[in-house]
Undergrad: 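Before anything else, here's the structure in question.
Please read these numbers as outputs of a predicted model, since none were measured by experiment. Counting starts at 1 for both ligands and their atoms, following the listed order.
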Amino acid sequence: MTIDPRLSADARTLPLPENGLFLTDVWDGLGANPKTLSAKYFYDAAGSALFEKITVLPEYYPTRTELRILDERGPEIAEHLPEGAALVEFGSGSTVKLRRLLRHLPGLSAYVPVDVSGEFLHEQAEVLKADFPDLPIEPVAADFTRPFALPPSLSGRPLAGFFPGSTIGNFEPAEAVRLLDGFGRILGEGATLIVGVDLVKERDVLEAAYDDAAGVTAAFNLNLLHRINRELHGDIDPGSFAHRAVFNEAQSRIEMHLVSRAAQTIHVAGRAFAFAEGESIHTENSCKYTIASFRALAARAGWSALDAWTDSEGLFSVHALRRAG
Ligand code: AVJ
């Protein structure tokens with residue numbers, strides 16, 4: 001792919017093909033009916049900072065609840081990881097959750113963070129090394145949604161995977177099955193997987209978590225439009241779109257949308273996209289499960305249930321799964 005001359009100077013400095021993919025994904029998504037943008041593009045520097053703010057909002061229960069489960073149930077979770085296991089974390093954003101688990105895993109032989117951002121990965125590895133000097137860290141720069149190879153040094157060791165944060169919720173069920181099966185192929189027969197999964201609950205609680213009173217989630221959603229303006233020569237007035245979060249009960253997912261407040265035409269890198277008043281861009285799905293519905297999904301991907309833990313209010317779950325032979 002060649003560098004598109006219509007991209008902003010900032011965008012042109014991004015490593016290709018990320019930059020070219022963002023443009024073609026935005027063009028494809030805004031050209032589709034209904035219009036969509038991929039949630040993976042939320043996380044530029046501004047979006048990542050807004051997400052950090054979301055995690056401590058009073059309405060946003062998932063992060064603090066998962067941390068509490070990892071703290072309180074850590075010893076039980078640890079029983080499912082064999083002595084000498086290497087722990088592979090898929091999408092190792094920050095190490096906050098990992099640290100909670102590590103306290104309970106003194107017998108771990110290596111930690112393998114996997115992340116697309118090589119730079120972030122190596123920074124985090126350095127910080128972790130300072131706090132866990134005896135734990136070998138073997139970062140892998142890779143997109144965990146695609147097949148990748150583990151470091152050869154891990155061969156012969158028992159393997160475990162860690163996928164916290166209910167990131168699995170961003171994938172529609174069919175994609176989630178493909179992803180979990182992919183983890184199983186990478187980790188191999190007999191591996192353990194520890195995965196954080198948000199639970200179905202009352203509509204009011206779910207919708208408030210994705211439409212907080214302080215407007216942080218709205219800013220996080222709208223940042224996608226700012227990012228398009230910054231990186232792809234967009235001329236979008238973010239004020240002409242409203243944030244909307246709705247629980248789609250039939251599909252058991254929170255949907256986030258950006259709804260056009262008026263009929264208008266926007267431009268992105270030279271292409272025009274027309275909106276009717278009230279027309280939306282679907283920007284995110286966050287799928288919610290019961291313990292049983294998640295186990296059924298995992299089973300389709302070749303994983304059997306070992307155990308699952310929830311908080312006392314039944315807000316969030318952490319599952320331990322085993323890869324069948
Ligand atoms: C990072 C995908 C788990 O779905 O709860 C938070 C992202 N979006 N508020 C979620 C998110 C809006 C979050 N995940």
Undergrad: CD of E249: more than 12 outside heavy atoms within 6.0 angstrom?
TA: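 No, CD of E249 has 12 or fewer neighbouring heavy atoms, counting only those of other groups under 6.0 Å.
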Undergrad: If only side-chain N and O atoms count, and only distance matters, is there a donor-acceptor pair under 3.5 Å linking R261 with S240?
TA: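 On atom types as modelled, these side chains do not qualify, holding no pair under 3.5 Å.
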Undergrad: Below 4.0 angstrom from a heavy atom of G165, which ligand 1 atoms are there? Numbered from 1 as shown, please.
TA: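 Those of ligand 1 that fall under 4.0 Å from G165 are 3 (C).
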Undergrad: What do you reckon, does T167 have a nitrogen or oxygen under 3.5 Å from a nitrogen or oxygen of ligand 1?
TA: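 Min N/O separation from ligand 1 is not below 3.5 Å for T167.
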Undergrad: Classify the angle between the aromatic ring planes of F51 and F220 as parallel (below 30°), tilted (30 to 60°) or perpendicular (above 60°).
TA: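 Ring orientation of F51 relative to F220: tilted.
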Undergrad: Can you check whether S166 has an N/O within less than 3.5 Å of an N/O in ligand 1?
TA: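 No, since none of the N or O atoms of S166 sits under 3.5 Å from an N or O of ligand 1.
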Undergrad: Does Y43 approach ligand 1 within less than 4.0 angstrom via side chain, backbone, both or neither, non-hydrogen atoms only?
TA: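 The side chain, only.
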Undergrad: Is it true that G169 lies under 4.0 Å from ligand 1, counting heavy atoms only?
TA: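 No, G169 has no heavy atom closer than 4.0 Å to ligand 1.
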Undergrad: What class does the angle between the rings of H282 and H257 fall in, given that below 30° is parallel, 30 to 60° is tilted and above 60° is perpendicular?
TA: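 The rings of H282 and H257 lie parallel, inter-plane angle below 30°.
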Undergrad: At a 4.0 Å threshold, what atoms of ligand 1 neighbour a non-hydrogen atom of S286?
TA: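 Heavy-atom distances to S286 below 4.0 Å select 4 (O), 5 (O), 10 (C).
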Undergrad: Answer with yes or no whether P62 contacts ligand 1, where contact means a heavy atom under 4.0 Å from a ligand atom.
TA: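 Outside the 4.0 Å threshold, so no.
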Undergrad: Calculate, to the nearest 0.5 Å, the distance between atoms OG and CG belonging to S260 and D237 respectively.
TA: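 Result: 10.0 Å between the selected atoms.
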Undergrad: Nearest protein heavy atom to atom 13 (C) of ligand 1, by residue and atom, and its distance?
TA: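 I find the closest protein heavy atom is Y60 OH, 3.4 Å.
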Undergrad: Taking atom CZ of F132 and atom CZ of R103, what is their separation to the nearest 0.5 Å?
TA: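 So the gap between those two atoms works out to 8.0 Å.
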Undergrad: What residue and atom, counting heavy atoms only, is the protein's closest point to atom 8 (N) of ligand 1, and at what distance?
TA: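 Looking only at protein heavy atoms, the one closest to atom 8 (N) of ligand 1 is E284 OE1, 2.6 Å.
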Undergrad: Quick check with a 6.0 Å cut-off and a 45 degree axis cone: is K35 positioned over the face of F275's six-membered ring?
TA: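 The answer is yes, since K35 meets both limits relative to F275.
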Undergrad: If I take atom NE2 from residue H319 and atom CD1 from residue I291, how far apart are they, to the nearest 0.5 angstrom?
TA: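 With rounding to 0.5 Å, NE2 (H319) is 4.0 Å from CD1 (I291).
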Undergrad: Say whether T217, considering both its backbone and side-chain N or O atoms, lies within less than 3.5 Å of an N or O atom on ligand 1.
TA: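 In fact, backbone or side chain, T217 has no N or O that close.
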Undergrad: I'd like to know whether ligand 1 has F220 as a neighbour, heavy-atom separation below 4.0 Å.
TA: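 Yes, that is the case, since the closest heavy atom of the residue is under 4.0 Å from the ligand.
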Undergrad: I need the contact type for Y210 against ligand 1. Using non-hydrogen atoms and a strict under-4.0 Å cut-off, is it side chain, backbone, both or neither?
TA: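 Looking at Y210 and ligand 1, just side chain atoms fall under 4.0 Å.
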